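Before I ask anything, here is the structure I am working with.
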Amino acid sequence: MSKTTFPFPLRKLLLVDAATCAGFGLLLTAGAQLAGPLMQIPVALLFYVGLSLFPIAVFMAIVATRSAIHPAGAWVIIAGNVLWAGASFLLLAGDWIAPNLLGSSFIVAQALVVAVLAKLEHAALGDAVLRPA
């Protein structure tokens, strides 16, 4: 009986995460003035959240491009993704902002994407630890 391996290598997942993080940061910073009023989300929130994603993306890329991925770095990324998704849902549950349906859908969608990335990275990390490259 042969053991199957996780189909998505951790390195590729982390690079996808870094790229989507940078791309999302660019979209939020460049599009905050347009998207904020459309979604009834404060423009400053979108802009500064977007700015915060650039150093996060750099960290993800650094972790992903080392010759050997350090598990602690991967865990920081996974934990950060889980916290990001959780904070997104808390933002909706609280009364800090009052987005319209489009804004709420946007927040939920991006949180779900981040949560899926965290889950995939967690599974790939477990696979990488069991079978080092």
Side-chain angles (χ1 to χ4, degrees):
M1 176 150 111
S2 66
K3 180 184 179 333
T4 59
T5 60
F6 190 71
F8 305 108
L10 180 59
R11 184 176 313 282
K12 286 185 182 178
L13 285 168
L14 294 175
L15 288 171
V16 165
D17 203 350
T20 58
C21 196
F24 195 55
L26 184 60
L27 273 172
L28 288 177
T29 54
Q33 291 289 338
L34 177 65
L38 188 64
M39 297 187 293
Q40 293 180 351
I41 298 174
V43 170
L45 176 64
L46 293 174
F47 181 79
Y48 288 111
V49 164
L51 275 183
S52 76
L53 291 173
F54 296 123
I56 295 168
V58 168
F59 175 75
M60 290 174 173
I62 289 169
V63 170
T65 57
R66 300 302 92 191
S67 59
I69 295 174
H70 197 286
W75 276 116
V76 167
I77 293 167
I78 294 165
N81 282 343
V82 169
L83 290 171
W84 181 280
S88 297
F89 288 113
L90 284 175
L91 185 63
L92 287 176
D95 61 353
W96 299 288
I97 64 171
N100 59 19
L101 180 60
L102 179 62
S104 294
S105 299
F106 170 78
I107 292 169
V108 168
Q110 62 82 36
L112 290 174
V113 168
V114 172
V116 167
L117 277 169
K119 176 67 176 153
L120 291 172
E121 290 163 351
H122 180 260
L125 177 60
D127 192 54
V129 168
L130 292 175
R131 287 182 308 92

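Bear in mind the structure is a predicted one, so any value in this text is a computation, not a measurement.
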Completion exercise
CD1 of I77 to CD1 of I56, rounded to nearest 0.5 Å, is 10.5 Å
Handout entry: Neighbour count >12 (heavy atoms, 6.0 Å) for atom OH, Y48
Key = no
Practice task
Check each of L45, V49, I41 against L91 using the side-chain contact (heavy atoms from CB on, under 4.5 Å) test, and report the only one that passes.
Solution key: L45
Handout entry: Which residues share a side-chain hydrogen bond (donor to acceptor under 3.5 Å, both in side chains) with S104, sequence neighbours left out
Key = none
For residues 18-26, please give each side-chain donor-acceptor pair under 3.5 Å, one per line with the distance, not counting sequence neighbours.
residue, atom, partner, partner atom, Å
T20, OG1, V16, O, 3.0
T20, OG1, D17, O, 3.0

Exercise for the section: Can you see which heavy atom on W96 is nearest to which on L90, and at what distance? Expected result: CZ3-O, 3.0 Å
Please report, to 0.1 Å, the donor-acceptor pairs under 3.5 Å made by any side chain of residues 65-74, with sequence neighbours excluded.
residue, atom, partner, partner atom, Å
T65, OG1, A61, O, 2.8
T65, OG1, I62, O, 3.4
R66, NE, I62, O, 2.9
H70, ND1, A72, N, 3.1

Handout entry: F59 reachable from L15 in the ILVMFWY side-chain graph, under 4.5 Å edges
Key = no
Practice task
Look up atom CG in L28 and atom CG in L51, then write down how far apart they are to the nearest 0.5 Å.
Solution key: 9.5 Å
Exercise for the section: Identify the heavy atoms of G50 and T29 that sit nearest to each other, and give their distance. Expected result: C-CG2, 3.5 Å
Exercise for the section: Rounded to the nearest 0.5 Å, what's the gap from CD1 on I78 to CG on L83? Could you check? Expected result: 12.0 Å
Fill in the blank from the handout: Distance col, row L125:CG vs L120:CG, nearest 0.5 angstrom, shows 12.5 Å
Practice task
Using the rule that two of Ile, Leu, Val, Met, Phe, Trp, Tyr join whenever any of their side-chain heavy atoms come within less than 4.5 Å, decide whether L27 and V114 are in one cluster.
Solution key: no
Exercise for the section: Please examine the side chains of I107 and P99, heavy atoms only from C-beta on, and report whether any two atoms are closer than 4.5 Å. Expected result: yes
Problem - Single-linkage hydrophobic cluster, 4.5 Å side-chain cutoff, L102 and L34 together - result: no
Exercise for the section: Is it possible for you to say whether V76 and M60 belong to one hydrophobic cluster, with membership spreading through side-chain heavy-atom contacts below 4.5 Å? Expected result: yes
Practice task
Determine, using the 4.5 Å side-chain heavy-atom cutoff (strictly less than), whether L46 and F54 are members of one ILVMFWY cluster.
Solution key: no
Exercise for the section: Taking all non-hydrogen atoms of both residues into account, name the closest pair between V43 and G36 and its distance. Expected result: CG2-CA, 4.1 Å
Practice task
May I ask you to decide if P37's main-chain N or O and Q40's side chain share a donor-acceptor pair within less than 3.5 Å?
Solution key: no
Completion exercise
Interatomic distance, CG@L13 vs NE2@H122, rounded to 0.5 Å, equals 13.0 Å
Handout entry: Nearest-0.5 Å distance, CG of residue L117 to CG of residue L112
Key = 11.5 Å
